[in-house]
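As the structure lists them, so they are numbered: ligands from 1, and atoms in each ligand from 1.
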Amino acid sequence: MTERAPWIVGVSGASGTPYAKAVLLGLLNAGHPVDLVISKAARLTLLDETGATVRDAHWKDDVATWLGENSGDLTYWPAGDLAAGPSSGSYPARGMVVVPASTAACAGIAIGLSKDLLQRAAEVNLKEHRRTVVVPRETPVTRSHLEHLLALHDAGAIVLPASPGFYGAGAAATAQQLVDFVAGKVLDALGVTHTLFARWTGELNAQRSPLGGP
Ligand SMILES: Cc1cc2nc3c(=O)[nH]c(=O)nc-3n(C[C@H](O)[C@H](O)[C@H](O)COP(=O)(O)O)c2cc1C
């Protein structure tokens with residue numbers, strides 16, 4: 001039997017829970033096992049942005065309702081469970097993405113605070129030199145935000161701001177296309193195949209370009 005080596009997905013309390021949903025579905029639909037940790041604050045943003053509630057005792061039904069489909073090979077760990085598998089470097093994991101990443105989570109991970117399982121698991125992934133992607137969502141940013149992101153970069157994380165591109169979809173881009181752009185960039189960073197956005201081919205969209213086209 002081969003060892004289960006999931007991607008750990010940490011959802012922290014920044015705005016942008018639709019990014020988390022798109023990344024989770026991208027990983028699960030590509031057949032990857034996922035371990036999910038949702039911070040206490042992320043429950044508020046999740047409720048506010050999607051109406052979804054995720055309760056530790058009912059996570060299976062709640063996560064399936066949030067994702068809108070079968071949650072596949074998904075394991076859920078309560079954020080307060082510091083004895084959970086992902087809190088140890090010996091736990092087999094492929095890597096981790098924190099999406100969205102609050103400035104508080106970025107700070108906590110950068111300084112090794114480990115105030116909950118999300119922060120501890122991210123710190124463990126960094127110390128084990130596993131692929132770690134952090135998706136910050138805040139604007140504008142202070143010097144300390146930038147310093148924490150630099151510390152994460154220097155520790156080996158890929159800092160991938162929730163900053164969607166408008167090329168491809170253009171001015172008529174839907175919110176879902178912008179979400180998918182960021183989620184697709186996360187999956188690219190993890191090396192996971194997806195079709196969440198059309199790749200740049202070097203051809204400007206002639207209809208939208210003020211320069212016209214051939
Ligand atoms: C509705 C709502 C939206 C928020 N949006 C952001 C945000 O976009 N970025 C951010 O860094 N913090 C945001 N916060 C604040 C964080 O939730 C707060 O700093 C919290 O302590 C983060 O904790 P966590 O990192 O453990 O999830 C928001 C809070 C609420 C209630």
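Hydrophobic cluster membership differs between Ile8 and Val99, with clusters built from Ile, Leu, Val, Met, Phe, Trp and Tyr side chains linked at under 4.5 angstrom. Val97 and Trp7 fall within the same hydrophobic cluster, where Ile, Leu, Val, Met, Phe, Trp and Tyr residues are linked whenever their side-chain heavy atoms come under 4.5 Å apart, directly or through other members.
Residues Asp73 and Arg4 are paired through a salt bridge, judged by an N-O separation under 4.0 Å between the basic side chain and the carboxylate. Salt-bridge check for Arg94 with Asp35: failed, with every basic side-chain N at 4.0 Å or more from each acidic carboxylate O. Taking the charged nitrogens against the carboxylate oxygens, Arg143 and Glu147 do have a contact shorter than 4.0 Å, which makes a salt bridge.
Comparing heavy-atom distances from atom 7 (C) of ligand 1 across Lys40, Arg137, His145 singles out Arg137 as nearest. Between atom 5 (N) of ligand 1 and the options Ser15, Pro136, Ser12, the minimum heavy-atom separation is to Ser15. Ranked by closest heavy atom to atom 14 (N) of ligand 1, the top entry among Gly10, Gly13, Ala41 is Gly13.
At least one N or O atom of Thr103, backbone or side chain, sits closer than 3.5 Å to an N or O atom of ligand 1. Ligand 1 has no nitrogen or oxygen under 3.5 angstrom from a nitrogen or oxygen of Asp48.
No more than 12 heavy atoms of other residues, nucleotides or ligands lie within 6.0 Å of CZ in Arg131, so this atom counts as exposed by the packing criterion. Residue-environment remark: NZ (Lys127) exceeds the threshold of 12 foreign heavy atoms within 6.0 Å.
Here the heavy atom of the protein found nearest to atom 21 (O) of ligand 1 is Ala104 CB, 4.2 Å. Among protein heavy atoms, atom 25 (O) of ligand 1 sits closest to Ser102 OG, 2.6 Å. When only non-hydrogen protein atoms are considered, atom 3 (C) of ligand 1 lies nearest to Thr45 CG2, 3.7 Å. Here the heavy atom of the protein found nearest to atom 10 (C) of ligand 1 is Glu138 OE2, 3.4 Å.
Within a 4.0 Å radius of atom 18 (C) of ligand 1, the protein contributes no non-hydrogen atoms.
At a threshold of 4.5 Å between non-hydrogen side-chain atoms, the residues Leu67 and Leu24 count as touching.
Side-chain N/O atoms of Arg137 and Ser102 include no donor and acceptor closer than 3.5 Å.
Of all atoms in ligand 1, numbered sequentially from 1 with element shown, those under 4.0 Å from a heavy atom of Lys115 are 26 (O). For ligand 1, the atoms sitting less than 4.0 Å from at least one non-hydrogen atom of Ser39 are 24 (P), 26 (O), 27 (O), numbered in the order shown with element in parentheses. Atoms of ligand 1 found under 4.0 Å from any heavy atom of Ala105 (numbered from 1 in listed order, with element): 25 (O).
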